[in-house]
Amino acid sequence: MNNKINEIFLTIIIPHYNDFENLIKLLESINYNQYTQVIVIDDRSNLDIERKIPQKYISKIDLIKNEHNKGAGFCRNIGLSKANGKFILFADSDDVFEKKYFTVVSKYFHTDHDLIYFKSFSVKHNTFNNSRRNSKYNKYVQDF
């Protein structure tokens, strides 16, 4: 009998470089549960990331410290090599998840889909007013 009770369905991969304040906001927005793996790859930030991240998150994430500053793409590849989830979700350290994101993505955990697209919502960082920076991406999703 195949027991899938502890199966990881979602791996969230987060490249990070010197943006601790926003990284904490992102970590606060994640729904930590038995089906989700969270990997943060620090791209050799100037400060000790382990001292900046609150302890309550350190125990819930896989923190990888890149020895060389190689950029977000390189960090994402490191995350991919450590991912255990059926599905991969990439987030930048200045992203934040909406409260219902897990309800939305978990609907696909038991499907045979290889790729799933979601529209995004964007706000301006300093004012939280709606931003249109995601419009081009959302058009791709709509057209697909």
Side-chain angles (χ1 to χ4, degrees), residues 1-125 128 130-131 133-144:
M1 184 169 163
N2 189 5
N3 184 356
K4 293 189 175 189
I5 212 142
N6 292 323
E7 186 173 354
I8 302 294
F9 287 101
L10 179 66
T11 297
I12 300 172
I13 297 175
I14 306 165
H16 170 265
Y17 179 74
N18 282 345
D19 192 10
F20 298 106
E21 184 177 310
N22 284 321
L23 177 62
I24 301 307
K25 289 177 186 176
L26 171 57
L27 293 176
E28 288 172 348
S29 73
I30 292 174
N31 181 343
Y32 298 94
N33 58 61
Q34 65 189 11
Y35 307 110
T36 304
Q37 173 190 29
V38 178
I39 303 173
V40 176
I41 305 93
D42 183 71
D43 200 24
R44 197 163 187 205
S45 293
N46 296 332
L47 300 172
D48 187 1
I49 189 170
E50 290 169 303
R51 291 182 186 218
K52 289 291 210 177
I53 296 177
Q55 193 61 40
K56 66 182 178 180
Y57 298 120
I58 290 292
S59 63
K60 296 177 181 180
I61 66 174
D62 296 328
L63 177 60
I64 300 168
K65 292 164 68 172
N66 191 12
E67 294 180 18
H68 307 284
N69 184 268
K70 296 280 191 169
F74 189 86
C75 290
R76 288 183 189 99
N77 287 335
I78 292 172
L80 281 171
S81 73
K82 305 293 183 186
N84 295 317
K86 178 180 177 183
F87 293 101
I88 306 295
L89 197 156
F90 294 106
D92 290 331
S93 60
D94 63 345
D95 289 337
V96 178
F97 289 108
E98 291 186 5
K99 291 184 190 289
K100 296 180 182 180
Y101 86 92
F102 190 78
T103 302
V104 172
V105 299
S106 64
K107 292 177 184 176
Y108 297 92
F109 287 173
H110 297 287
T111 67
D112 291 331
H113 299 322
D114 292 325
L115 182 64
I116 303 164
Y117 292 102
F118 297 97
K119 288 187 176 182
S120 65
F121 179 74
S122 183
V123 296
K124 293 181 182 175
H125 190 262
F128 295 102
N130 287 347
S131 169
R133 82 175 204 180
N134 61 327
S135 297
K136 184 176 180 180
Y137 172 78
N138 283 344
K139 175 102 171 80
Y140 292 143
V141 172
Q142 179 180 321
D143 291 348
F144 181 75

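Looking at heavy atoms from C-beta onward, Val105 lies in side-chain contact with Phe118 at the 4.5 angstrom threshold. Proximity of Thr11 to Ile39: side-chain heavy atoms (C-beta onward) are separated by under 4.5 Å at one or more points. Taking 4.5 Å as the limit, some side-chain heavy atom of Asp48 sits within range of a side-chain heavy atom of Lys65. With contacts defined as side-chain heavy-atom distances shorter than 4.5 Å, the pair Leu23/Ile49 qualifies. Taking 4.5 Å as the limit, some side-chain heavy atom of Glu28 sits within range of a side-chain heavy atom of Tyr57. You'll find the side chain of Tyr101 reaches within 4.5 Å of the side chain of Asn31, heavy atoms only.
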**Request:** Test side-chain contact (heavy atoms from CB on, under 4.5 Å) on Ile30 and Val38 and set out the steps.
**Result:** CA-CA 9 Å; Ile30 292 174; Val38 178; 3.9 Å; yes
**Message:** Between Gln142 and Lys119, does the side-chain contact (heavy atoms from CB on, under 4.5 Å) criterion hold? Intermediate values first, please.
**Reply:** CA-CA 8 Å; Gln142 179 180 321; Lys119 288 187 176 182; 3.7 Å; yes
**Request:** Give the C-alpha distance, both sets of side-chain angles, the deciding distance and a yes or no for side-chain contact (heavy atoms from CB on, under 4.5 Å) between Ile64 and Asp42.
**Result:** CA-CA 6 Å; Ile64 300 168; Asp42 183 71; over 6 Å; no
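Scanning both residues, Asn46 and Asn18, for their nearest heavy atoms gives N-OD1, 2.8 Å. In terms of heavy atoms, Leu26 sits closest to Ala91 at CD2-CB, 4.2 Å. Across every non-hydrogen atom of Ser29 and Val96, the tightest pair is CB-CG1, 3.5 Å. Taking both residues in full, the closest heavy atoms of Ile24 and Ile53 are given as CD1-CA, 3.9 Å, listed atom of the first, atom of the second, then distance. Contact between Tyr117 and Leu115 at its shortest, heavy atoms only, is OH-CD2, 3.1 Å.
Summarising the geometry, atom CD belonging to Glu21 is positioned 11.5 Å from atom CG belonging to Asp94; distances are rounded to the nearest 0.5 Å. How far CD1 of Ile88 is from CD1 of Ile12: 10.0 Å, rounded to the nearest 0.5 Å. Taking OH from Tyr35 and CZ from Phe102, the interatomic distance works out to 8.0 Å, rounded to the nearest 0.5 Å. Separation of atoms OG (Ser45) and CD (Glu50) is listed at 11.5 Å; rounding is to 0.5 Å. For the atom pair CD1 of Ile61 and CD1 of Ile41, the computed distance is 10.0 Å after rounding to the nearest 0.5 Å.
For the pair Lys86 and Phe9, the cation does not sit on the ring face, since its NZ or CZ is not both under 6.0 Å from the ring centre and inside 45° of the axis.
Residues that satisfy the side chain to side chain contact (heavy atoms under 4.5 Å, CB included) test with Lys52, not counting sequence neighbours, are Phe20, Leu47. Every residue two or more places apart in sequence or in another chain was checked for a salt bridge (charged side-chain N to carboxylate O under 4.0 Å, His left out) with Asp114, and none qualifies.
The environment of CG in Asp112 is sparse: at most 12 heavy-atom neighbours from other residues, nucleotides or ligands sit within 6.0 Å.
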Just distance, no hydrogens or angles: give the donor-acceptor pairs under 3.5 Å from side chains in residues 73-81, sequence neighbours left out.
unit_1: Arg76; atom_1: NH2; unit_2: Asp92; atom_2: OD1; d: 2.6
unit_1: Ser81; atom_1: OG; unit_2: Ile78; atom_2: O; d: 2.6

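When atom types are taken as modelled, the side chain of Gln37 and the backbone of Ile13 share no donor-acceptor pair closer than 3.5 angstrom. Side-chain atoms of Thr36 never come within 3.5 Å of backbone atoms of Tyr32 as a donor-acceptor pair (strictly under, hydrogens ignored). In terms of modelled atom types and a separation under 3.5 Å, the side chain of Asp43 and the main chain of Lys70 share a donor-acceptor contact.
Taking the six-membered ring where the residue is Trp, Phe87 and Phe109 present parallel rings, their angle staying beneath 30° rather than reaching 60°.
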